[in-house]
Protein chains: 2
Amino acid sequence: MNLEQIAECHKSLGDKTRLRILSLLKVEELCVCELVEILQMTQPAISQHIRKLKNTKLVKERRQGQWIFYSLDGSIYPFFQSILDTLPDMKNEIEELKKSGRKVFCN
Amino acid sequence: MNLEQIAECHKSLGDKTRLRILSLLKVEELCVCELVEILQMTQPAISQHIRKLKNTKLVKERRQGQWIFYSLDGSIYPFFQSILDTLPDMKNEIEELKKSGRKVFCN
DNA sequence: TGATTATATAAGCATATACTTATATTAATG
DNA sequence: CATTAATATAAGTATATGCTTATATAATCA
């Protein structure tokens, strides 16, 4: 891993919305439509943030029918876990999503 | 520390030149003119990078006569040390500076 | 005090980034 | 097989970023 890659990783981390997405993914894997619901942003905006997180290998995806579930990765960055540790707990936001009936359940 | 501040910190880390500066400061404190010499960049470019690192509390300064020596800080970020650990060793670059006779010695 | 050295700041410019709206792709379903 | 739902991508735009050159500030020194 060279300096250019490390810089790209931090650029990816250098946005409040993406940090919120990572904080949410700390709780559990989520799909774009759920993130749209929680973060109250447009679907393309979320998709573009996810793309950046994917390109920098901070999240990985798992397709499940019509949904794509995103979850934390970051395994190539030795410092990633300690960064995650400083992100806030977002269990409540996920709870709210479930209460609103907008949680995607499938398997 | 809120998400906005964490994002600002990572923005600060999201630049190759600033990562090189931090890598160099891992070896020892340096002043702007030494960084100019090692990184072969203009003095205002270096000063502006240093300003960003200072604003995000990743480096601190110590004035010594006409020089200002910059050194690592980052004490407010629990993850900073693990990021530093992934940055390359730049002892050789500092050695080159000393050999070139451009190292600033004072006290 | 005037010149020199180190550093900071300001203004200008080219590129990058984060959004928007519109459209394309992909999978499920009736 | 046409429609719907989830997601991705493209194009446009406003703001941010990283450089440049020019100038200001601050400390030293002759």
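Convention: sequence-line order gives letters A, B, ...; per-chain numbering from 1. Just so it is clear, the values below take in all heavy atoms, side chains as well, and ignore hydrogens, waters and symmetry mates.
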| message | Apply side-chain contact (heavy atoms from CB on, under 4.5 Å) to residues A:Thr42 and A:Val36 and explain how you reach the verdict. | response | CA-CA 6 Å; A:Thr42 65; A:Val36 166; over 6 Å; no
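Under the salt bridge (Lys or Arg N to Asp or Glu O under 4.0 Å) criterion, A:Glu61 pairs with A:Lys54, not counting sequence neighbours. Scanning for salt bridge (Lys or Arg N to Asp or Glu O under 4.0 Å) contacts around A:Lys103 gives A:Glu28, A:Glu34, with sequence neighbours left out. With sequence neighbours excluded, no residue forms a side chain to side chain contact (heavy atoms under 4.5 Å, CB included) with B:Asn92. Every salt bridge (Lys or Arg N to Asp or Glu O under 4.0 Å) that A:Lys11 has, sequence neighbours left out, goes to A:Glu8. Under the salt bridge (Lys or Arg N to Asp or Glu O under 4.0 Å) criterion, A:Arg51 pairs with no residue, sequence neighbours left out. Every residue two or more places apart in sequence or in another chain that forms a ring pair (Phe, Tyr, Trp, His ring centres under 6.0 Å) with A:Phe79 is listed here: A:His10, A:Tyr77. In this structure B:Arg18 satisfies the side-chain hydrogen bond (donor to acceptor under 3.5 Å, both in side chains) test together with B:His49, sequence neighbours excluded.
The interatomic distance linking A:Gln48 (CD) with D:dA6 (P) rounds to 19 Å, in whole Å. As rounded to whole Å, 15 Å separates atom P of D:dA16 from atom CZ of B:Arg18. As rounded to whole Å, 15 Å separates atom P of D:dA8 from atom CH2 of A:Trp67. To the nearest angstrom, P of C:dA16 lies 15 Å from NZ of B:Lys16.
Contacts between residues 22-44 of chain A and DNA chain D, counted as heavy-atom distances below 4.0 Å, involve A:Cys31, A:Val32, A:Cys33, A:Gln43, A:Pro44. Residues of residues 50-57 of chain B that place a heavy atom closer than 4.0 Å to DNA chain D, in numerical order, are B:Lys52. Applying a 4.0 Å cut-off to non-hydrogen atoms, none of the residues of residues 95-104 of chain B approaches DNA chain C. Residues of residues 5-15 of chain A that place a heavy atom closer than 4.0 Å to DNA chain D do not occur.
The shortest heavy-atom contact between A:Thr86 and B:Pro78 is CG2-CG, 3.8 Å. In terms of heavy atoms, B:Leu3 sits closest to A:Leu19 at O-CD1, 3.6 Å. Contact between A:Lys26 and A:Leu87 at its shortest, heavy atoms only, is NZ-O, 2.9 Å. Nearest heavy atoms, B:Cys31 versus B:Val104: SG-CG2, 3.8 Å. Minimum heavy-atom separation, A:Leu22 to A:Val59: CD2-CG1, 3.8 Å.
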| query | For nucleotides 25-30 of chain D, read 5' to 3', which letter fits each nucleotide if B means a protein heavy atom sits under 4.0 Å from the base, S means only the sugar-phosphate is that close, and - means neither? | reply | --SS--
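A donor-acceptor contact closer than 3.5 angstrom links the side chains of B:Gln43 and B:Ser47.
With a 6.0 Å radius and a threshold of 12 heavy atoms from other residues, nucleotides or ligands, A:Arg62 has its CZ atom above the threshold.
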